[in-house]
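Letters A, B, ... mirror the listed sequences (proteins, then strands); counts begin at 1. Remember, predicted model here, so these are calculated numbers, not experimental data.
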Number of protein chains: 2
Amino acid sequence: MNIEQVILGFIYGEAMTGYELKKRFDESVAHFFGATFSGIYPALRRMEKEGLIEKEVVPQEGRPSKNIVRITEKGRQSFADYLKSPLSPGVQKSDLLVRYFFGRYAAEGQIRGWLLEERERMTDTREGLLHMRRGALNDPETDAFRLKTLEMGIAQIEFSLRWIDEELAMEPGAELTGPESREERRRCES
Amino acid sequence: MNIEQVILGFIYGEAMTGYELKKRFDESVAHFFGATFSGIYPALRRMEKEGLIEKEVVPQEGRPSKNIVRITEKGRQSFADYLKSPLSPGVQKSDLLVRYFFGRYAAEGQIRGWLLEERERMTDTREGLLHMRRGALNDPETDAFRLKTLEMGIAQIEFSLRWIDEELAMEPGAELTGPESREERRRCES
DNA sequence: ACACCCATGTAACATGTTACATGATTCT
DNA sequence: AGAATCATGTAACATGTTACATGGGTGT
């Protein structure tokens with residue numbers, strides 16, 4: 001799975017600009033595949049060269065021309081091929097869990113700080129996803145897949161939040177036991 | 001968070017080779033941060049140049065010399081700085097969920113195929129993690145952090161598996177048909 | 001006044017993956 | 001006989017991020 005294939009999905013039913021594409025990413029699959037302008041625009045250029053899309057330039061006053069991209073027959077074929085190809089394995093990266101693994105080297109209160117930091121970020125993300133869900137519910141175009149994708153994102157975040165809250169509920173420092181750990185810990189406090 | 005910082009964590013308490021490092025990754029944080037030889041060896045070279053590690057070359061017969069890497073004082077400082085730095089946000093990539101989002105374009109039975117493919121991969125990953133957990137429990141060196149990191153990985157996978165099974169149950173023709181599928185199911189129930 | 005929206009894009013950088021390249025030893 | 005383990009590394013490729021560059025319109 002790469003950014004080109006996901007873009008094909010978005011423009012499969014509706015032509016749009018790179019700017020609009022970014023919005024579509026953000027309000028749908030961003031939780032499972034993020035995209036930035038610097039990823040989208042070069043991808044669109046490659047895709048045009050490969051014949052997967054056609055560009056229509058619409059001049060505007062006071063701002064750059066709109067580049068409306070439309071999927072071609074070749075693009076539809078390419079998207080269908082993607083759907084038939086083997087799933088690429090999921091990837092996850094979590095700085096929190098990596099640090100947690102090395103918890104014995106953490107200073108006092110440090111783990112708690114990480115947990116709180118992650119909790120705040122996740123709470124914000126959850127707010128954003130709930131907001132999108134409300135938007136999706138008010139949009140007659142929304143189908144069950146969009147809704148359930150959002151809901152899976154929300155459920156995952158809430159799962160992680162529960163873990164974080166359980167960890168926080170443990171007494172601060174309760175994880176650290178034994179003199180060895182404490183010695184190691186001091187070394188990292190400098 | 002990058003590979004150098006995680007390597008520092010592994011060699012913080014014990015010198016080892018690049019080969020051993022790979023094993024440590026695989027049996028601990030691989031679920032939250034993967035590493036390959038092609039990532040590890042160049043990283044070690046950079047780290048030596050930066051003065052974060054020292055290399056001790058131990059010649060061997062019939063195979064390449066061991067390059068045992070040991071953390072330096074500068075390396076310890078660098079690791080401590082990492083632990084104090086802001087958490088990098090978690091990243092997730094899921095081809096399954098992206099495709100699911102575009103489910104309206106899928107052919108008949110195609111979504112089911114994706115769900116089954118992902119379930120099989122996840123079931124295998126779960127087996128691997130459970131195996132590591134048993135290994136960790138038999139290892140007197142294991143601390144609570146290592147164990148709980150593994151357990152969080154297992155819990156996440158089981159969370160995803162539950163979602164997949166719910167989706168499979170909803171689909172038309174929900175009964176698992178072939179003998180293969182039935183075997184898979186038994187494995188999950190055990 | 002200030003911030004956010006619209007709308008495009010490039011260049012440098014960071015990071016990681018796949019394939020290539022070698023080869024003895026030990027287990028099944 | 002064949003697979004897995006030990007043990008190193010390079011080169012080419014893919015992919016994505018951050019900072020840079022521009023600039024009017026719209027809402028508070």
What parts of residues 123-138 of chain A reach DNA chain D, counting only heavy atoms under 4.0 Å away? none
Whether over 12 other heavy atoms sit under 6.0 Å from A/Arg121 CZ: yes
Calculate the interatomic distance between A/Met16 atom CE and C/dT8 atom P; express it in whole Å. 12 Å
Kindly write out the residues that satisfy ring-ring contact (aromatic ring centres under 6.0 Å, His included) with B/Trp163, not counting sequence neighbours, or none if the list is empty. B/Tyr100
Taking only heavy atoms on the protein side, list every residue of residues 83-91 of chain A lying under 4.0 Å from any atom of DNA chain D, sorted numerically. none
Are B/Glu54 and B/Arg70 ion-paired here, with the side-chain N under 4.0 Å from a carboxylate O? no
For nucleotides 3-15 of chain D, just jot down a letter per nucleotide in 5' to 3' order: B, S or -, based on protein non-hydrogen atoms under 4.0 Å. --SBBBBB----S
Close side-chain approach of A/Leu44 and A/Ile53, heavy atoms under 4.5 Å: yes
According to ring-ring contact (aromatic ring centres under 6.0 Å, His included), who are the partners of B/Phe37, at least two apart in sequence or on a separate chain? B/Tyr19, B/Tyr41
Under the side-chain hydrogen bond (donor to acceptor under 3.5 Å, both in side chains) test, which residues partner A/Thr142, sequence neighbours left out? A/Arg146
With sequence neighbours excluded, tell me which residues meet side-chain hydrogen bond (donor to acceptor under 3.5 Å, both in side chains) with B/Ser85. A/Arg99
Give the rounded distance in Å between these two atoms: CD of B/Glu61 and C1' of C/dT22. 18 Å
Five pairs per end, C1' atoms only: what is the angle between the end axes of the helix from C/dA1-D/dT28 to C/dT28-D/dA1, to 10 degrees? 60°
Listing, residues 149-158 of chain B side-chain donor-acceptor contacts under 3.5 Å, not counting sequence neighbours, or none:
unit_1   : atom_1 : unit_2   : atom_2 : d
B/Thr149 : OG1    : B/Phe145 : O      : 2.7
B/Glu151 : OE2    : B/Arg133 : NE     : 2.8
B/Glu151 : OE2    : B/Arg133 : NH2    : 3.4
B/Gln156 : OE1    : A/Gln92  : NE2    : 2.8
B/Gln156 : NE2    : A/Gln92  : OE1    : 3.4
B/Glu158 : OE2    : B/Arg126 : NE     : 3.0

Linked hydrophobic residues, B/Leu147 as query - side chain contacts closer than 4.5 Å: B/Leu137
Check residues 3-13 of chain A and write down every donor-acceptor pair under 3.5 Å in which the side-chain atom is one partner and the other belongs to a residue at least two apart or another chain.
unit_1 : atom_1 : unit_2  : atom_2 : d
A/Glu4 : OE2    : A/Arg46 : NE     : 2.7
A/Glu4 : OE2    : A/Arg46 : NH2    : 3.4
A/Gln5 : OE1    : A/Asn2  : N      : 2.9

Might you work through the side chain to side chain contact (heavy atoms under 4.5 Å, CB included) test for A/Phe79 and B/Phe102, ending with a clear yes or no? CA-CA 11 Å; A/Phe79 185 67; B/Phe102 292 119; 4.1 Å; yes
So, are B/Arg24 and B/Glu14 salt-bridged, with charged N and O less than 4.0 Å apart? yes
What pairs of donor and acceptor atoms, side-chain ones from residues 57-68 of chain A against any protein atom, are under 3.5 angstrom apart with sequence neighbours left out?
unit_1  : atom_1 : unit_2  : atom_2 : d
A/Gln60 : NE2    : A/Pro64 : O      : 3.0

